[in-house]
Amino acid sequence: MPTRQEAEEYKRKFEMLMSHIVELDLPTHIKDEILNEALDKWKS
């Protein structure tokens, strides 16, 4: 089980990754697919 600090650090990295994905110059449907996959991994 990760510590609270590790969980917060992971959350910050995840949020930064998500914002970078949104800013990519890709078609919207591809970005949506990447974001949905990342969110599914976050939930598990």
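Note: hydrogens, waters and symmetry copies are ignored here, and every other heavy atom, side chains too, is used.
- At a threshold of 4.5 Å between non-hydrogen side-chain atoms, the residues Ile30 and Leu24 do not count as touching.
- Here the CD1 atom belonging to Ile34 is positioned 8.0 Å from the CD atom belonging to Glu37, to the nearest 0.5 angstrom.
- The number of heavy atoms from other shown groups lying within 6.0 Å of CD (Glu15) is above 12.
- The CE atom of Met18 lies 12.5 Å from the NZ atom of Lys11; values are rounded to the nearest 0.5 Å.
- Leu35 pairs in a side chain to side chain contact (heavy atoms under 4.5 Å, CB included) with only one of the listed residues (Ile21, Asp40, Leu17), which is Ile21.
- Counting non-hydrogen atoms of neighbouring residues, nucleotides and ligands closer than 6.0 angstrom, the CD atom of Glu8 exceeds 12 such neighbours.
- For Glu9, the side-chain hydrogen bond (donor to acceptor under 3.5 Å, both in side chains) partners at least two apart in sequence or on another chain are Lys13.
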